[in-house]
Amino acid sequence: MDNSKLKGKIFKATKWATISELAVKIITPLTNLILARLLVPEAFGVVATITMIISFADMLTDAGFQKYLVQHEFKNNVDKHEKANVAFWTNLGISLLLLGIIILFCDPIAKLVGNPGLGNVIAISCLQLPLTSFSSIQMALYRRDFDFKTLFWVRLISTFIPFVVTIPLAIMDFSYWALIIGIICGNLFNAVILTIKSKWKPKFFYKVEILKEMLSFSLWSLIEAISIWLTAWIDIFIIGSFLSQFYSGIYMTSTTMVNSIMSLITASTIPILFSALSRLQNNEQQFKKTFLDMQRFVSIFVFPLGVGIYLYSDFATQIFLGDKWSEASKVIGTWALTSAIVIVFGNYCSEVYRAKGRPKLSFLAQILHLIVLIPVCVISGKYGFWELVFARSWIRMESILVHFLIMKFAFGFSILKIVKNVSPTIISAIVMGFFGYLLIQLDKSTLWNLLSIILCVVIYFGMLFLFPNIRREFWGILKKLKVREI
């Protein structure tokens with residue numbers, strides 16, 4: 001695929017993925033705003049630990065096949081469809097096996113994750129495992145082909161499911177069951193619609209030789225995914241073990257709220273970057289340029305989001321969660337600020353490793369981080385909830401150092417160039433943060449908070465446009481949009 005055609009696909013895919021995330025990020029906060037006022041934090045705590053179990057099982061089920069189907073260069077469509085079939089039947093088989101194991105040992109598992117007596121809840125929740133395995137291959141093929149338009153419509157419709165399932169059940173006092181049933185219904189919808197619309201349909205085809213070939217890449221992707229899962233969930237496990245479901249609910253809801261806002265950018269760009277870099281893996285110059293362009297584009301929005309949420313965490317908590325979630329404010333602010341830094345300097349590096357077919361390096365990065373992360377979480381968790389929150393948030397800076405070293409010595413990226421690449425957005429976000437802090441001191445009213453947020457946006461982009469390279473890129477994007485509209 002030539003560069004101009006690939007750039008066109010990247011632009012189109014980014015457009016649809018961004019529209020998808022915008023739609024979801026408008027609907028999801030509205031859903032959470034309602035549910036946070038209907039359900040207590042303990043209900044969200046129960047669902048948090050169940051989600052932890054399901055995400056681990058889903059990861060084992062996928063076995064790294066999604067990334068393989070996106071990254072691999074196939075001989076032809078027959079080769080691609082044969083490997084998709086092998087991946088599908090393997091996924092489905094593993095999911096049914098894991099479901100059986102979870103049902104048999106649901107009570108010990110519930111006790112292990114700090115939810116004794118909720119074994120049946122975990123068993124029923126895991127009925128969604130075959131559903132997610134059923135649609136994962138279709139999603140990988142859509143992403144490979146940059147068909148984010150189809151994924152947009154599927155995701156948009158599934159986002160409305162809470163309004164017809166979860167919220168009515170919460171009103172009827174179904175507690176955590178409202179959330180669980182809503183999630184199962186959403187996965188059922190995705191599985192059915194993606195299968196119906198997909199050009200590829202599962203067929204009864206299987207070859208062990210193909211499985212062995214795929215596992216040479218997929219096993220390392222799976223091992224890497226396990227390490228990422230540990231990084232993402234070790235804090236919830238410790239809170240559930242040392243503290244209570246109340247704090248699990250506060251912590252999980254806070255971090256999920258921040259992650260959902262940040263994923264407005266990351267979820268719409270990471271799959272596209274991986275697909276683009278995978279196609280450019282043999283063109284070193286374009287490969288590095290594409291990575292740096294995406295990193296700079298992401299930083300324009302992520303840095304001010306992180307600083308802004310940190311400054312207005314009390315206001316955001318009041319608006320989105322309500323009075324009974326006041327303790328979530330500090331978690332939201334700290335997690336947002338550190339997430340912005342980690343996303344720009346860390347998260348996108350993993351896509352470089354995978355696109356180059358070297359998932360071992362991503363696994364190495366995760367292990368080097370876990371060596372530090374686990375002891376920090378365990379020790380800080382013994383001192384209390386807030387000690388764990390601040391330690392867990394800031395220890396993520398260590399992972400950035402690890403990624404920088406790998407990017408430099410394994411792929412020849414200049415660390416200084418990576419930092420300088422986003423220096424305009426760093427400077428602009430700091431200036432915005434300084435003026436934002438001063439504005440907050442003047443008044444605490446809702447009206448003034450809204451007005452000062454608008455002023456912060458103006459200050460940020462006003463400062464950003466003082467940098468000539470940012471101005472050129474911005475006008476270039478506008479020209480592309482105008483041309484495509486015509």
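From a predicted model like this one, the values you see are computed outputs, not experimental measurements.
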CA sep, side-chain torsions, deciding dist, call: Val431, Met463, side-chain contact (heavy atoms from CB on, under 4.5 Å): CA-CA 8 Å; Val431 171; Met463 185 69 192; 4.2 Å; yes

Please report the interatomic distance [atom1]([X]) to [atom2]([Y]), rounded to the nearest 0.5 Å.
X: Ile234; Y: Cys377; atom1: CD1; atom2: SG; answer: 6.5 Å
X: Ile440; Y: Ile453; atom1: CD1; atom2: CD1; answer: 8.0 Å
X: Leu450; Y: Ile319; atom1: CG; atom2: CD1; answer: 7.0 Å
X: Leu361; Y: Cys349; atom1: CG; atom2: SG; answer: 11.5 Å
X: Leu466; Y: Ile427; atom1: CG; atom2: CD1; answer: 10.5 Å
X: Ile418; Y: Arg296; atom1: CD1; atom2: CZ; answer: 12.5 Å

Classify the ring geometry between Phe345 and Phe303 as parallel (under 30°), tilted (30 to 60°) or perpendicular (over 60°).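 Tilted.
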
Can you check whether [X] reaches [Y] side chain to side chain, under 4.5 Å on heavy atoms?
X: Tyr353; Y: Met407; value: yes
X: Lys382; Y: Val378; value: yes
X: Ser326; Y: Thr317; value: no
X: His403; Y: Ser350; value: yes
X: Val389; Y: Lys330; value: no
X: Tyr383; Y: Leu388; value: no

Under 6.0 Å from the six-membered ring centre of [Y] and within 45° of its axis: does the NZ or CZ of [X] meet both?
X: Arg358; Y: Phe363; value: no
X: Lys83; Y: Phe88; value: no
X: Arg396; Y: Trp335; value: yes

Which atom pair, heavy atoms only, marks the closest approach of [X] to [Y]?
X: Gly436; Y: Leu311; value: CA-CD1, 4.0 Å
X: Ile309; Y: Ala336; value: CG2-CB, 3.5 Å
X: Ile406; Y: Ala365; value: CD1-CB, 3.7 Å
X: Thr338; Y: Met397; value: O-CE, 3.8 Å
X: Ser339; Y: Asn259; value: OG-OD1, 4.3 Å
X: Thr334; Y: Trp394; value: CG2-NE1, 3.7 Å

Please check: side-chain N/O of Asn421 versus main-chain N/O of Leu292, any donor-acceptor pairing under 3.5 Å?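 Pair found, side chain donor or acceptor close to backbone of Leu292.
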
Between Lys288 and Gly412, is there a donor-acceptor pair closer than 3.5 Å when you use the side chain of the first and the backbone of the second?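 Judged by distance alone, yes, a pair lies under 3.5 Å.
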
Examine the side chains of [X] and [Y] and answer whether a donor and an acceptor come within less than 3.5 Å of each other.
X: Tyr460; Y: Thr425; value: no
X: Ser313; Y: Ser329; value: yes
X: Asp235; Y: Tyr251; value: yes

For Tyr310 and Val307, what are the C-alpha separation, side-chain angles and deciding distance, and is it a side-chain contact (heavy atoms from CB on, under 4.5 Å)? CA-CA 5 Å; Tyr310 177 78; Val307 173; 5.7 Å; no

For [X], look at atom [atom1] and say whether over 12 heavy atoms of other residues, nucleotides or ligands are found less than 6.0 Å away.
X: Lys417; atom1: NZ; answer: no
X: Phe390; atom1: CZ; answer: yes
X: Gln441; atom1: CD; answer: yes

Where do Ser423 and Phe467 land on the side-chain contact (heavy atoms from CB on, under 4.5 Å) test, with the steps shown first? CA-CA 10 Å; Ser423 58; Phe467 296 90; 5.8 Å; no

Checking side chain to side chain contact (heavy atoms under 4.5 Å, CB included) between Met262 and each of Asn347, Val342, Leu305, which is the one that passes?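 When Asn347, Val342, Leu305 are each tested with Met262, the side chain to side chain contact (heavy atoms under 4.5 Å, CB included) holds only for Leu305.
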
Listing request: all ring-ring contact (aromatic ring centres under 6.0 Å, His included) pairs with a residue in residues 412-436, at least two apart in sequence or in separate chains.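 For residues 412-436, and leaving out neighbouring residues, the ring-ring contact (aromatic ring centres under 6.0 Å, His included) pairs sorted by first residue read Phe291-Phe413.
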
Carefully, step by step, assess Leu373 and Glu398 under the rule side-chain contact (heavy atoms from CB on, under 4.5 Å). CA-CA 9 Å; Leu373 175 64; Glu398 182 267 346; over 6 Å; no

Once ring pair (Phe, Tyr, Trp, His ring centres under 6.0 Å) is applied, do any residues pair with Phe385, and if so which ones, sequence neighbours excluded?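 In terms of ring pair (Phe, Tyr, Trp, His ring centres under 6.0 Å), with neighbours along the sequence ignored, Phe385 is linked to Tyr247.
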
Check this for me, if you would: do Lys289 and Glu284 make a salt bridge, where the nitrogen-to-carboxylate-oxygen distance has to be below 4.0 angstrom?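 Between Glu284 and Lys289 there is no salt bridge, as every charged N stays at least 4.0 Å from the carboxylate O atoms.
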
